[in-house]
Amino acid sequence: MATLYYFHDPMCSWCWGYRPVWQTLKARLPAELDVENVLGGLAPDNDQPMPLELQVQIQAHWRRIETELGRPFNFAFWTRNQPRRSTYPACRAVLAAERQGREEAMIEAIQLAYYQRALNPSDDSVLEQLALELGLDARSFSEDLRSQETERKLAQQVAFSRAVAISGFPSLLLRCGGSDTPVAIDYRDHRPALLQITQAMSLEKN
């Protein structure tokens with residue numbers, strides 16, 4: 001069985017930019033292909049304010065994505081919050097939601113909170129708010145958000161992304177016939193990736 005791995009971080013702005021194309025690609029993938037999300041862990045836990053230079057750099061990424069891909073951003077985030085370079089809490093929230101069958105819903109909720117609602121997903125309180133809005137069991141979610149099992153799963157996924165030499169997010173990797181093939185990402189069109197995947201799978205069958 002072939003597997004397509006999607007390496008991402010819920011607070012990665014380029015993952016937000018890629019989301020519409022990724023959703024279209026997933027809908028058109030061969031039925032026999034397994035798809036697995038892998039949390040790459042963009043930025044470890046950090047309770048220190050984000051340096052101003054980094055804030056400026058990230059805002060520049062937002063403007064570029066907005067201009068080139070038409071994906072909207074709410075820049076009020078930078079004045080309403082104390083930004084921190086810390087995405088592991090959001091990654092844990094995805095894993096906690098996964099235990100209740102809502103992994104994809106939480107990924108989208110975090111992205112919308114961050115990029116549209118100017119909320120800070122580096123804060124556990126915001127993540128717990130999103131869980132409530134999604135109708136998750138709040139107590140279970142809060143426990144899972146802080147559990148050792150969730151921490152272990154996150155460390156495992158981060159280690160996997162490093163083991164296969166993923167250098168940025170989003171990234172796609174096709175594991176087929178015992179070999180790994182990086183799949184090129186086109187932020188505007190799902191078809192090149194789909195063609196590469198189907199051709200690789202066809203070659204393996206032959």
Side-chain angles (χ1 to χ4, degrees), residues 1-16 18-19 22-23 26 29 33-50 54 58 83-115 119-176 178-183 185:
M1 176 71 74
T3 302
L4 180 67
Y5 295 102
Y6 175 63
F7 297 87
H8 73 109
D9 187 293
M11 291 179 69
C12 160
S13 55
W14 284 101
C15 295
W16 166 248
Y18 185 56
R19 183 174 179 82
W22 172 230
Q23 295 300 314
K26 281 197 295 184
L29 290 170
L33 178 63
D34 282 342
V35 179
E36 291 188 20
N37 292 332
V38 181
L39 291 159
L42 190 61
D45 296 307
N46 187 349
D47 60 3
Q48 298 301 309
M50 185 184 296
L54 183 56
I58 293 175
R84 305 195 313 280
R85 186 62 168 167
S86 183
T87 72
Y88 275 30
C91 292
R92 293 190 194 98
V94 171
L95 294 173
E98 183 182 17
R99 290 181 64 87
Q100 299 187 44
R102 303 300 303 278
E103 175 190 20
E104 291 290 344
M106 180 56 76
I107 293 170
E108 182 178 25
I110 290 170
Q111 291 178 330
L112 290 172
Y114 188 22
Y115 300 119
L119 300 175
N120 191 350
S122 295
D123 297 335
D124 285 353
S125 60
V126 169
L127 299 168
E128 290 169 330
Q129 173 188 335
L130 298 179
L132 283 173
E133 292 174 0
L134 291 174
L136 301 184
D137 182 285
R139 181 175 178 178
S140 295
F141 177 84
S142 294
E143 290 175 353
D144 290 333
L145 186 64
R146 299 167 175 83
S147 73
Q148 288 298 313
E149 176 63 14
T150 296
E151 189 66 29
R152 184 192 66 79
K153 287 184 177 179
L154 177 56
Q156 188 177 50
Q157 293 191 22
V158 170
F160 176 48
S161 68
R162 292 174 180 171
V164 293
I166 296 301
S167 59
F169 311 116
S171 289
L172 292 170
L173 184 75
L174 178 66
R175 178 163 288 178
C176 183
S179 63
D180 291 344
T181 303
V183 177
I185 283 180

From CG (Leu127) to CG (Leu132), nearest 0.5 Å: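 Leu127 CG to Leu132 CG: 11.5 Å, rounded to 0.5 Å.
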Could you tell me the separation between the CG atom of Asp34 and the CG atom of Leu4, rounded to the nearest 0.5 Å?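 Between Asp34 CG and Leu4 CG, I get 10.0 Å after rounding to 0.5 Å.
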I need the minimum non-hydrogen distance between [X] and [Y], along with the two atoms involved.
X	Y	answer
Leu130	Ala109	CD1-O, 3.8 Å
Ala93	Met106	O-CG, 3.7 Å
Ser122	Arg84	O-NH2, 2.7 Å
Cys91	Leu154	CB-CD1, 3.7 Å
Pro121	Ile110	CB-CG2, 3.8 Å

Return the set of residues passing ring pair (Phe, Tyr, Trp, His ring centres under 6.0 Å) with Phe169 (not counting sequence neighbours), or none when no residue passes.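 Phe169 satisfies ring pair (Phe, Tyr, Trp, His ring centres under 6.0 Å) with no residue once adjacent residues are dropped.
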[X] versus [Y]: any side-chain heavy-atom pair under 4.5 Å?
X	Y	value
Leu172	Tyr6	yes
Lys153	Leu39	no
Tyr114	Val126	no
Leu33	Leu174	yes

Salt bridge (charged side-chain N to carboxylate O under 4.0 Å, His left out) with [X]: which residues, sequence neighbours excluded?
X	answer
Glu36	none
Arg102	none
Glu103	none
Asp180	Arg175

Of all residues at least two apart in sequence or in a different chain, which pass the side chain to side chain donor-acceptor pair (under 3.5 Å) check with Arg85?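 Here no residue qualifies.
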Could you tell me how the ring of Phe160 sits relative to the ring of Phe7: parallel (under 30°), tilted (30 to 60°) or perpendicular (over 60°)?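 Tilted: the ring planes of Phe160 and Phe7 meet at 30° to 60°.
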Which pairs with one or both residues in residues 1-14 pass salt bridge (Lys or Arg N to Asp or Glu O under 4.0 Å), sequence neighbours excluded?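 Pairs touching residues 1-14 that pass the test: none.
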Criterion side chain to side chain contact (heavy atoms under 4.5 Å, CB included) on His8 and Asn37, from CA distance to verdict: CA-CA 7 Å; His8 73 109; Asn37 292 332; 3.9 Å; yes
For the side chain of Asn46 and the backbone of Gln48, is there at least one donor-acceptor N/O pair under 3.5 Å apart?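 Yes.
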Can you sort out the partners of Gln111 under side chain to side chain contact (heavy atoms under 4.5 Å, CB included), two or more places apart, ordered by chain and number?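 Counting only residues at least two positions away or on another chain, Gln111 forms a side chain to side chain contact (heavy atoms under 4.5 Å, CB included) with Cys15, Trp16, Arg19, Ile107, Tyr115.
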For Asp45, enumerate each residue passing the side chain to side chain contact (heavy atoms under 4.5 Å, CB included) test, keeping only those at least two apart in sequence or located in another chain.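 With sequence neighbours excluded, Asp45 shows a side chain to side chain contact (heavy atoms under 4.5 Å, CB included) to Ser86, Tyr88, Pro89, Arg92, given in chain and number order.
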Side-chain donor-acceptor pairs of residues 133-146 under 3.5 Å, sequence neighbours excluded:
residue	atom	partner	partner atom	Å
Glu133	OE1	Arg117	NH1	2.9
Glu133	OE2	Arg117	NH2	3.0
Glu133	OE2	Gln129	NE2	3.0
Asp137	OD1	Arg139	N	3.3
Asp137	OD1	Ser140	N	2.8
Asp137	OD1	Ser140	OG	3.0
Arg139	NE	Glu143	OE2	3.4
Ser142	OG	Glu128	OE2	2.9
Ser142	OG	Ala138	O	3.1
Asp144	OD1	Arg99	NE	3.4
Asp144	OD2	Arg99	NE	3.3
Arg146	NH1	Glu128	OE2	2.9
Arg146	NH1	Ser142	O	3.1
Arg146	NH2	Glu128	OE2	3.1

Output every pair passing side chain to side chain donor-acceptor pair (under 3.5 Å) with a member in residues 154-171, not counting sequence neighbours, ordered by first then second residue.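 Checked against side chain to side chain donor-acceptor pair (under 3.5 Å) - neighbours excluded - no pair reaches residues 154-171.
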